[in-house]
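Read the numbers this way: they start at 1 and go in the same order the structure lists the ligands and their atoms.
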Amino acid sequence: MFVARSLNEIVPALGGVCVPTMGAMHVGHAALIRAAVDVARAQRLAAGAVVTIFVNPAQFNERADFDRYPRDLDRDITFAADAGANCVFAPDVETVYPPDAPPTAPPLPQVAATPGLEDTYRPGHFEGVCKVVHRLFDLLKPAAAIFGEKDWQQLQAVKAMVADCHLPVEIVGCPTVRELTGLAASSRNRLLSDDDRARALAIPRALEAAAESAAPDHAQRIMRDMLTASDLTVEYAVVRDTQTLLPFVNARSALERPGRALIAARVGETGVRLIDNAPWGRIGP
Ligand code: AMP
């Protein structure tokens with residue numbers, strides 16, 4: 001495995017399978033890297049799995065969140081190598097966003113701006129995500145890229161951005177990796193106290209409970225009640241169309257299209273923000 005820090009070092013990484021990350025790697029990232037290795041093998045891509053590590057300032061809408069985001073490049077490089085990566089590309093801000101020739105931002109896909117989800121609580125976040133992904137694809141020319149289902153709206157937004165911009169990159173989703181407790185693995189979990197971590201378990205439990213209800217309104221009420229009972233501050237706890245992320249107009253329409261239950265909630269005194277989601281609904285008469 002080799003590490004590239006600048007543009008003239010990435011040539012052997014061109015045309016591989018890209019795994020964009022912000023570092024602070026955990027078992028979720030390892031699953032993405034292994035998936036990238038498999039796709040690269042299946043498609044006989046010599047560049048293999050190319051992991052990018054870049055804490056993207058453009059996608060943080062709170063300076064404090066950006067500042068406290070965990071960073072440990074040496075550990076991440078070893079971690080990526082152990083998971084099978086062929087290259088780690090860890091550029092600095094000036095390489096990604098050169099001040100003299102700023103990259104053009106792609107138009108924001110509709111699915112990224114659906115009211116009541118991420119864009120409502122993190123305005124500008126998906127502009128930043130689409131901007132950096134578009135730029136990384138432009139630099140690395142990947143044949144495919146892997147994104148986690150844990151960030152479900154992000155996965156839909158990236159797929160839509162790639163389609164809208166006609167980029168020749170296959171976007172592959174990777175199922176959410178969870179700790180044994182059910183909590184979705186996240187770089188932010190390391191900011192949680194033991195108490196916060198116990199409270200945060202209400203998130204996967206609420207998603208499970210919601211799956212038992214056949215009506216979107218009822219499922220949403222169940223989730224909100226369970227989250228607030230565990231002292232979480234709910235940003236959203238909703239059931240939406242799995243692809244467009246628009247609300248179902250009524251209970252009947254929820255039987256015609258697959259749904260997704262999505263949660264964003266803050267936990268603890270410092271308000272660590274956690275998101276999670278799961279399939280919802282049963283299609284049928
Ligand atoms: P991040 O470093 O948090 O920006 O995440 C980089 C990639 O890892 C994104 O595609 C995330 O969706 C994905 N990811 C993060 N956590 C998980 C997880 N628990 N399971 C699967 N993928 C994940």
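Residue Ser186 does not touch ligand 1, judged by heavy-atom distances below 4.0 Å. Residue Lys150 touches ligand 1 through its side chain alone, judged by heavy-atom distances below 4.0 Å.
The Thr176 neighbourhood of ligand 1 comprises atoms 20 (N), 21 (C), with distances under 4.0 Å to a heavy atom of that residue. Set against the non-hydrogen atoms of Phe147, the atoms of ligand 1 under 4.0 Å away are 10 (O). Which parts of ligand 1 touch Gly148 is read off a 4.0 Å heavy-atom cut-off, strictly below it: atoms 9 (C), 10 (O), 11 (C), 12 (O), 13 (C), 22 (N).
Ranking the protein heavy atoms by distance from atom 5 (O) of ligand 1 puts His29 NE2, 3.5 Å first. Nearest non-hydrogen protein atom to atom 19 (N) of ligand 1 is Ala185 O, 2.8 Å. At the top of the distance list for atom 3 (O) of ligand 1, counting protein heavy atoms only, stands Tyr69 OH, 3.7 Å. Ranking the protein heavy atoms by distance from atom 8 (O) of ligand 1 puts Leu32 CD2, 3.3 Å first. The protein non-hydrogen atom at the shortest distance from atom 4 (O) of ligand 1 is Met22 CG, 3.7 Å. Shortest contact from atom 20 (N) of ligand 1 to any protein heavy atom: Val177 N, 2.9 Å. If you check which protein heavy atom lies closest to atom 12 (O) of ligand 1, you get Asp151 OD2, 2.6 Å. Summary of contacts: the protein heavy atom closest to atom 6 (C) of ligand 1 is Pro20 O, 3.4 Å.
Atom CG of Leu192 sits about 6.0 Å away from atom CZ of Arg197, to the nearest 0.5 Å. For the atom pair Asp276 CG and Ile263 CD1, the distance stands at 7.0 Å (nearest 0.5 Å). Expressed to the nearest 0.5 Å, how far CG of Leu207 lies from CE of Met223 amounts to 6.5 Å. For the atom pair Ile146 CD1 and Leu155 CG, the distance stands at 10.5 Å (nearest 0.5 Å). Between Phe79 atom CZ and Asp74 atom CG the span is 15.0 Å, to the nearest 0.5 Å. The structure places CD of Gln156 at 8.5 Å from CD of Glu149, a figure rounded to the nearest 0.5 Å.
Residue contacts with ligand 1: His26 is included, with a non-hydrogen atom under 4.0 Å away.
Under the 4.5 Å side-chain contact rule for hydrophobic residues, Val37 and Leu140 do not share a cluster.
Judged by a 6.0 Å distance limit and a 45° cone about the ring axis, Lys131 is positioned over the six-membered ring of Tyr97. With a 6.0 Å cutoff to the six-membered ring centre and a 45° limit on the axis angle, Arg190 does not count as a cation-pi contact of Tyr69.
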